[in-house]
Number of protein chains: 2
Amino acid sequence: MTIETPRGTTPWIPTLEEVAALAGVSSSTASRVINGSPRVTEQTVARVNEAIAKIGYVPNRAGRNLARRRTQTVAMMIPERTADFFADPYFAEVIQGAAMHASSTEYSLTLLIESEQDPHKTHQFLRRGNVDGALILSHHSASSSYGELARTLPIVFGVHPPGAVGDQIHVVDVDNVAVGALGTRHLVERGRQHIATITGPLDTSAGRERMQGWRDTVLAAGLEPGGCEEGDYTPTGGAQAMGRLLDAEAPFDAVFIASAQMASGAVAVLKDRGVRIPADVAVATADNNVFSTSSSPQLTTVDLHTAEKGATMMAAVVRLIDGAQLGTEMLVPIDLIERASTAL
Amino acid sequence: MTIETPRGTTPWIPTLEEVAALAGVSSSTASRVINGSPRVTEQTVARVNEAIAKIGYVPNRAGRNLARRRTQTVAMMIPERTADFFADPYFAEVIQGAAMHASSTEYSLTLLIESEQDPHKTHQFLRRGNVDGALILSHHSASSSYGELARTLPIVFGVHPPGAVGDQIHVVDVDNVAVGALGTRHLVERGRQHIATITGPLDTSAGRERMQGWRDTVLAAGLEPGGCEEGDYTPTGGAQAMGRLLDAEAPFDAVFIASAQMASGAVAVLKDRGVRIPADVAVATADNNVFSTSSSPQLTTVDLHTAEKGATMMAAVVRLIDGAQLGTEMLVPIDLIERASTAL
DNA sequence: CTGAAAGCGCTTACAG
DNA sequence: CTGAAAGCGCTTACAG
C-alpha cells in the first residue's frame, strides 16, 4: 500500500510564460519559436527550445484554440446505430486510417455520434465552431442536409451523398464500377462462363455500381449475366443471397460477391451444400480483411485500400481547412489479390 | 453549377455576449443560466433560454475549457499497431460503447494513437492537461508506465495492467475465470466428457484466467481436462490450434474456445475435416458478435457485454474526473447464449 | 439574484 | 528580430 496522493492536488503544468521566463524572452517570442515563425534569431530559437525541453512544456490547446479561433479537431460522424457501424470491419478500417493520419498532423479525431431524434442539435454543434471539419462515412448520415453544412464547414464524404452534388462536395472513394469489373474480369480470365453476383444494397450507389461493373464485364466478354441477388453487407445476408442463387434453376461456375463479409456467409452455404470452391464455383469478392483471409479456401478479392481511404479523407479535410480548393472526386486505387478461391 | 460561396467568409457564430444582450442581462448571468446555477430567477432563466434558442447559441468549447481549466475530452488510447487493433471487433465494440456513453455526457472521445518510438511524447501530451482522462484497452499500452500517469490523470483500464496494482488503478472487465467456467459448465451439462480448449494468449491474464475457468470446471465435474492449445484471438490462430488439437491423439467431444474470432477459424477446420457440430464435437466460445452468429451452426457463446464494458469505462473515467473515489475492480456481467453448436 | 472585473493560456497585429 | 498590449469566449469569486 502506498500513501494516497489525492488526485485533487492539481499537478504542476508549465505555461508559455514560464518557458519564456526561463529562456529570458517574452512570451510573444516564445510563441513565435513554437509556431515556427521565421523572424526569430537562431540563438533565440535554441534558447527557447532548451527551456521547452527542460520543463517539458506542451502548449495548452484551449488557450491556443481560443486565440487561433480553431479547434484542431475533426469529427468522425457516427450514425446513431453505432453497433451496426462498428461491427463492420470496413468502417473500423476507415477510422483506423483516419486516426493514423491524424496522429501525423496537429489535428485530433473525435468520434461524434449524431442524434437521430434531434439532428439539428448535431448540426448546430458542428456549425458553431466546435470542430474544424468533419468526415462522413455512413449512408444514412450522408443525408442531403449535410449539403448545406458543407457550405460553411469543410466536410469530406466517404460515400456519395445521395442527393445534390454541388461543387462544394468532396468525396473520397474507390471507383466502384471498377471494383465490380476487376473482380469479375478475373473470373472471366479464369475461363468461367456462368458468373453470378451477390450485390450490396441496391439503394446505395456503391451497391449499384459494383453490380454494373459485374454486368458490363460479363457482357463485354460475350457471356450471359448469371444470377444476381441483393445482399446487405452482412454474412447472414450473403448466406441468404447464396441460398437464393442455389435454389434458382440457373447453374453458375463463378460468383462475384460485393463484400467479404457477405462472401464469408455465402462460402459457408456453398460448403454446407457440398459445392467445391473453386472446382465447382470460383469466388471473388471485395475487401481485403479478416473475412477474405480466414475462410477456407482463402478468397480472391479486390483490395479496396480502405485504411488508405480513411487517411485520404483526413488529409483532404485538413487541406480544406487550410483553404485549399479540392476537386469533388478523389479516387483511392484498387488491386486484385489472387487467392485459392479462384485457382485454376 | 452554383456560384461559389468561398468558405473563407467565416460564418456568423453567436457568442455568450450576444445572448446576454438579447436577453437584457449580463454575460455573467447568461453563463449562470447555461451552467444551471440555482441562483437565478425563473424569469431570467426563461429570457436567456429564449435568446439562446432564437440565435442558436452553442457554447464555444475553447473559451469554456480555458476558463474551467478542463478539456471535456477523454482519450481512447490506441496502440500504434492500429490495424490489428481495429481489426478486432472486440475493440471496436468497446469503442462503440464508450462513444455512445460519451455522447450522453459533455465529454467527447478522442482517438489517440501512442507513438511507440517516443512514448514519452504521448505521456507528456496526456499529462499536460490536453485531456481530462484516458481509457486504455490494449495489452501493449497497459505497460507499467501508465501506473505513474494514473497518479496524476484519471485513467481507466479495460485489461489488468501487467505490473503494479496500486490503489489508484481502476479496471473495468469481466470476470475471466467465470467466462471460462460458464462456457465449460454448459458443455459439462450437455453431457460432454472430453472437453478441450483453445486459449487466448497465455501471456495475458485474461488468457490465463479463461483457461483456469475451463480447467477448474472440468475438474470440479470429475472429468479429465482435454487438450489445451494456445491461440492468438485471430481466426487463423484458432484454425491452427484446432489443427493441433485434432492431430493430437486425444479424442474430444467438446471444446471451449476463448474467443469467437478463434472459434470461427476452428469451426472451419472441424467442418473441413468432416467433424460434425455438435454431433461429434460441441463448441462453446466467448464474444457475442458476428463471428459467433454467422458461422453455421451458430455458436453458443458467453456474451461479454462488450459495448457495456466500453460504456462503463467511460462512465468510470467521468466519475474519477469529477473527483469520485472508485474501487480498483469494476465487473461487467456475463451471460450464456445457447445456440445450435451445443444443441443436444 | 445580478453585474463588473479579473483571469484562463495562448496568438498576433502593432510599434519599435 | 523582439516586446507590450489587446483579444479570443468563457467562468467565477467578489461586491452589492
Side-chain angles (χ1 to χ4, degrees), chain A residues 10-49 51-52 55-73 106 124-125 127-132, chain B residues 10-49 51-52 55-73 106 124-125 127-132:
Chain A
T10 314
W12 160 241
I13 298 183
T15 68
L16 219 213
E17 209 167 341
E18 285 152 7
V19 169
L22 191 61
V25 299
S26 71
S27 24
S28 315
T29 299
S31 174
R32 288 195 188 92
V33 171
I34 287 166
N35 293 294
S37 161
R39 325 197 288 145
V40 198
T41 324
E42 269 185 45
Q43 265 193 34
T44 313
V45 171
R47 283 222 310 284
V48 171
N49 281 332
I52 288 174
I55 59 181
Y57 170 76
V58 174
N60 173 299
R61 275 173 70 116
R64 166 174 284 186
N65 290 344
L66 189 57
R68 287 192 184 162
R69 262 145 298 182
R70 285 261 186 109
T71 68
Q72 305 274 72
T73 295
E106 289 222 295
Q124 213 155 254
F125 179 87
R127 197 198 310 268
R128 289 309 189 232
N130 282 298
V131 299
D132 292 339
Chain B
T10 314
W12 161 239
I13 298 184
T15 67
L16 219 213
E17 208 168 341
E18 285 152 7
V19 169
L22 191 61
V25 299
S26 70
S27 23
S28 314
T29 298
S31 174
R32 289 196 188 93
V33 171
I34 286 164
N35 293 293
S37 160
R39 325 198 290 145
V40 198
T41 325
E42 268 184 45
Q43 266 193 35
T44 313
V45 172
R47 284 223 310 283
V48 171
N49 281 331
I52 289 174
I55 59 182
Y57 170 77
V58 173
N60 173 298
R61 274 174 70 115
R64 165 175 284 186
N65 290 344
L66 190 56
R68 287 190 184 162
R69 261 146 297 182
R70 284 265 186 107
T71 67
Q72 305 274 76
T73 296
E106 289 221 297
Q124 214 155 254
F125 179 86
R127 198 198 306 270
R128 289 311 188 229
N130 282 298
V131 300
D132 292 339

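Order of the sequence lines sets the chain letters (A, B, ...), proteins ahead of strands, with each chain counted from 1.
Counting only distance, with no hydrogens or angles, the side chain of Ser37(A) and the backbone of Arg39(A) share a donor-acceptor pair below 3.5 Å. With hydrogens and angles ignored, the 3.5 Å screen pairs no side-chain donor or acceptor of Ser27(B) with any backbone N or O of Ala30(B). The backbone N or O of Gly56(A) lies less than 3.5 Å from a partner atom in the side chain of Arg128(B), making a donor-acceptor pair.
Note: CG (Leu16(A)) to C1' (dG7(C)) measures 16 Å, nearest angstrom. Atom CD in Gln72(B) sits about 18 Å away from atom P in dG9(D), given to the nearest Å. Note: CZ (Arg69(A)) to P (dT12(C)) measures 9 Å, nearest angstrom. Atom CD in Glu17(B) sits about 13 Å away from atom P in dG3(C), given to the nearest Å. Whole-Å rounding puts the Arg64(A) CZ to dG9(D) C1' distance at 18 Å. Rounding to whole angstrom units, CD of residue Glu42(A) and P of dT2(D) are separated by 11 Å. Atom CG of Asn60(A) is separated from atom C1' of dC10(C) by 7 Å (rounded to the nearest Å). Rounded to a whole Å, the CZ atom of Arg61(A) is 17 Å from the C1' atom of dC8(C).
Nearest nucleotide to the side chain of Thr29(A), out of dC10(D), dT11(C), dG3(D): dG3(D). Comparing dT2(C), dC8(D), dA4(D) against the side chain of Val40(B) picks out dT2(C) as the nearest. Comparing dA4(D), dC10(C), dG9(C) by their closest approach to the side chain of Leu66(A) singles out dG9(C).
Between Gln72(B) atom CD and Asp132(B) atom CG the span is 6.5 Å, to the nearest 0.5 Å. Taken from CD1 in Ile13(B) to OH in Tyr57(B), the straight-line distance is 11.0 Å, to the nearest 0.5 Å. Distance CG/Leu16(A) to CD1/Ile52(A): 7.5 Å, rounded to 0.5 Å.
Straight-line distance between the C1' atoms of dT12(D) and dG16(D): roughly 16 Å, to the nearest whole Å.
Remark: Ser31(A) is in phosphate contact with dT11(C), judged by side-chain N or O atoms under 4.0 Å from OP1 or OP2. A sub-4.0 Å separation between OP1 or OP2 of dC10(D) and a side-chain N or O of Asn65(B) is absent.
Here dA4(C) sits opposite no nucleotide as a Watson-Crick or G-U wobble pair (both hydrogen-bonding atom distances under 3.5 Å). In this entry dA13(C) has no Watson-Crick or G-U wobble partner, no candidate having both defining distances under 3.5 Å.
Pairing each heavy atom of Ile34(A) with each of Arg64(A), the nearest pair is CG2-NH2, 3.4 Å.
Both Pro38(B) and Arg68(B) lie near DNA chain C, and the one whose nearest nucleotide falls closer to the 5' end is Pro38(B).
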Restricting both atoms to N or O, compile the protein contacts to nucleotides 13-16 of chain C shorter than 3.5 Å, with distance only.
residue : atom : partner  : partner atom : Å
dA13(C) : N6   : Arg32(A) : NH2          : 3.0

